[in-house]
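Got a structure here, written out as structure tokens. Questions coming.
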Amino acid sequence: MPLQRGDSSPVACGLILICQVVRTRSALFATVLALALALSACAPRSSPAGPGAAPSETAPQAPKILTVGLLRQPANIEGFTGEGGTAGGAGTVRYLIHDHLTVQDDHDAARAQLALEVPSVEQGTWRVNSDGTMDMIWGLHPGVRWQDGAPFSSADLLFSYTVHKDPDLPHAYLAERRNMESATAPDPDTFIVHWSAILVTADQARALTPLPRHLLEDLYNADKAAFASSPRFTTEFVGLGPYHLVRWEQGSLMELARFDGYWQGRPALDGMIVKFVFDPNTMVANVLAGAIDLLVPPTIDVDAAAQLKQRWEGTGNTVRVEPVSRFVYAELQFRPELARPVNGIRDHTVREALYRAIDRQG
């Protein structure tokens with residue numbers, strides 16, 4: 001079965017990717033972009049010039065549109081609901097529309113995106129001070145622009161810091177809010193954050209999502225309630241990513257178009273259609289009908305994916321199941337005074353923990 005584009009024009013080779021659960025946000029983003037590159041390579045070739053035609057004449061190519069299926073609709077994009085980026089925010093879609101200082105790879109390690117590099121002790125950009133505080137120095141890629149053409153700079157991050165620190169706004173990343181103490185922007189390409197305590201996950205910059213100061217600062221200063229409910233976090237979102245939001249039909253779809261001014265170069269596809277299909281059986285029917293090219297988490301279950309794989313045997317379409325990442329696991333103890341406590345039994349919280357760990361009935 002040939003894969004169908006969003007405009008119903010078939011491409012030269014079929015490829016479908018079914019992801020059960022992808023490990024991290026950037027792994028999913030990389031998966032979507034990798035598929036985009038593959039589909040762009042599979043695009044219809046222009047027909048050779050016919051008799052009498054000028055050698056330079058070629059048939060026009062159909063737009064390269066990727067149609068993505070999602071089982072739920074995001075509440076917002078980078079909004080302030082207190083639910084976090086992937087729960088209350090746009091999850092998968094946000095990483096197509098917006099860029100961040102860093103992203104996480106499939107090993108949960110931070111990788112630089114808008115930042116020139118991830119701050120590190122070795123480079124002197126992550127300074128741990130003798131009083132238990134720390135400083136992080138972020139160097140930014142020059143020449144980055146918002147999707148409306150305005151330049152992105154450290155002033156945007158300084159505004160973002162102010163907003164994320166605001167106790168009047170719901171926030172999901174409380175450790176970051178509590179421990180970020182001050183910030184400065186000494187020049188357009190440098191941003192410095194002073195932390196009141198050591199936080200080993202600070203390089204993920206979860207509470208430093210870039211916000212467009214030129215579009216939001218006046219509203220934030222005038223009316224915080226209106227700011228939090230602004231369409232700038234939904235239907236009028238302006239980001240830094242490779243595709244910009246054209247329209248958002250609530251309960252139906254999002255239309256994304258290529259952002260030609262993207263700082264990392266021209267995106268591979270002309271655009272994307274993100275369809276919201278809230279029933280797994282309907283989603284499978286859409287896939288089999290060729291109305292959807294790619295499914296991303298949360299998606300159909302393993303049994304349905306296995307049936308699809310069996311039906312597609314020999315067609316060139318692909319079903320891939322990724323391992324689940326939503327395990328409850330124990331973090332390492334990053335606070336040295338508690339990792340190897342001296343005379344820890346004198347601490348009543350340690351004694352209480354030991355007491356509660358005992359199977360007293362047994």
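Remember, it's a predicted structure, so these values are computed and weren't measured experimentally.
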query: Do any N or O atoms from the side chain of Thr125 and from the backbone of Val121 form a donor-acceptor pair under 3.5 angstrom?
result: no
statement: So CZ of Arg232 and CG of Asn76: to nearest 0.5 Å the spacing works out to 15.0 Å
- request: Test Arg311 against Leu288 for side chain to side chain contact (heavy atoms under 4.5 Å, CB included), laying out the working first.
  value: CA-CA 9 Å; Arg311 293 185 64 171; Leu288 291 174; 3.2 Å; yes
field: By ring-ring contact (aromatic ring centres under 6.0 Å, His included) - contacts of Phe237 (at least two apart)
entry: His98
field: Check: Gln307/Trp312 side-chain N/O donor and acceptor closer than 3.5 Å
entry: no
field: Side-chain donor/acceptor of Lys165 to backbone N/O of Arg177, under 3.5 Å
entry: yes
query: Under the 4.5 Å side-chain heavy-atom rule for ILVMFWY, direct or indirect, which residues accompany Ile192?
result: Ile137
field: Atom pair CG (Leu215) and CD (Glu236), whose distance is rounded to the nearest 0.5 Å
entry: 9.5 Å
- prompt: Hey, mind stepping through Lys309 and Glu313 against salt bridge (Lys or Arg N to Asp or Glu O under 4.0 Å) and telling me if it holds?
  reply: CA-CA 6 Å; Lys309 185 174 183 178; Glu313 197 71 37; over 6 Å; no
message: For Ala225, is there any backbone N or O sitting under 3.5 Å from a side-chain donor or acceptor partner on Ser229?
response: yes
- prompt: For Tyr243 and Arg258, what are the C-alpha separation, side-chain angles and deciding distance, and is it a side chain to side chain contact (heavy atoms under 4.5 Å, CB included)?
  reply: CA-CA 5 Å; Tyr243 298 91; Arg258 180 180 62 223; 4.2 Å; yes
query: Asp203 and Trp138: which non-hydrogen atoms are nearest, and at how many Å?
result: O-CH2, 3.5 Å
field: Modelled atom types, side-chain donor and acceptor of His141 and Asp189, under 3.5 Å
entry: no
field: Short side-chain to backbone donor-acceptor contact, Thr184 and Pro186, under 3.5 Å
entry: no
task: Check the pair Asp156, Leu211 against side chain to side chain contact (heavy atoms under 4.5 Å, CB included), reporting the backbone distance first and the verdict last.
output: CA-CA 6 Å; Asp156 293 301; Leu211 298 175; over 6 Å; no
message: If I take atom CG from residue Leu295 and atom CE from residue Met283, how far apart are they, to the nearest 0.5 angstrom?
response: 5.5 Å
message: Between Trp126 and Asp135, do the side chains contain a donor N or O and an acceptor N or O under 3.5 Å apart?
response: no
field: Minimum heavy-atom distance between Glu255 and Ile273, given as atom pair plus value
entry: CG-CD1, 3.7 Å
task: Not counting sequence neighbours, which residues clear ring-ring contact (aromatic ring centres under 6.0 Å, His included) with Phe159? List them please.
output: Tyr220
Least distance between heavy atoms, Gln73 atom then Gly251 atom: OE1-N, 2.7 Å
Between CG on residue Leu140 and CZ on residue Phe191, distance to nearest 0.5 Å: 8.5 Å
- prompt: Has the side chain of Ser160 got a donor or acceptor atom that lies under 3.5 Å from a matching backbone atom of Leu208?
  reply: no
task: For residues Val118 and Thr102, report the shortest heavy-atom separation together with the two atoms involved.
output: CG2-CG2, 4.1 Å
- line: To the nearest 0.5 Å, atom CG of Leu116 lies from atom CD of Gln123 at 11.5 Å
- prompt: Taking atom OG of Ser153 and atom CZ of Arg213, what is their separation to the nearest 0.5 Å?
  reply: 6.5 Å
message: Tell me whether the rings of Phe152 and Trp146 are parallel (<30°), tilted (30 to 60°) or perpendicular (>60°).
response: perpendicular
field: Where Met254 and Ile77 come nearest, the two heavy atoms and their spacing
entry: CE-CD1, 4.3 Å
task: Go through the steps to decide whether Tyr173 and His164 satisfy the test ring-ring contact (aromatic ring centres under 6.0 Å, His included), and finish with yes or no.
output: CA-CA 9 Å; Tyr173 308 118; His164 283 88; 7.9 Å; no
message: Using modelled atom types and a 3.5 Å cut-off, is there a donor and acceptor pairing between side-chain atoms of Gln113 and backbone atoms of His100?
response: yes
query: Do the side chains of Phe276 and Val246 join up, straight or via other hydrophobic residues, at under 4.5 Å, putting them in one cluster?
result: no
- request: Could you list the residues that satisfy ring-ring contact (aromatic ring centres under 6.0 Å, His included) with Phe259, not counting sequence neighbours?
  value: none
- line: Across all chains, not counting sequence neighbours, the salt bridge (charged side-chain N to carboxylate O under 4.0 Å, His left out) partners of Asp166 are Lys224
- prompt: When you look at CD of Gln310, are more than 12 heavy atoms from neighbouring residues, nucleotides or ligands closer to it than 6.0 Å?
  reply: no
task: Under the ring-ring contact (aromatic ring centres under 6.0 Å, His included) rule, collect the residues that match up with His194, sequence neighbours excluded.
output: none
statement: For Leu294 and Ile292, the nearest pair of non-hydrogen atoms, with its separation, is O-CG2, 3.4 Å
message: Is the distance from the ring center of Phe227 to that of Phe233 below 6.0 Å?
response: yes
task: Starting from the C-alpha separation in whole Å, work towards a yes-or-no answer on side chain to side chain contact (heavy atoms under 4.5 Å, CB included) for Met272 and Thr67.
output: CA-CA 6 Å; Met272 296 188 186; Thr67 304; over 6 Å; no
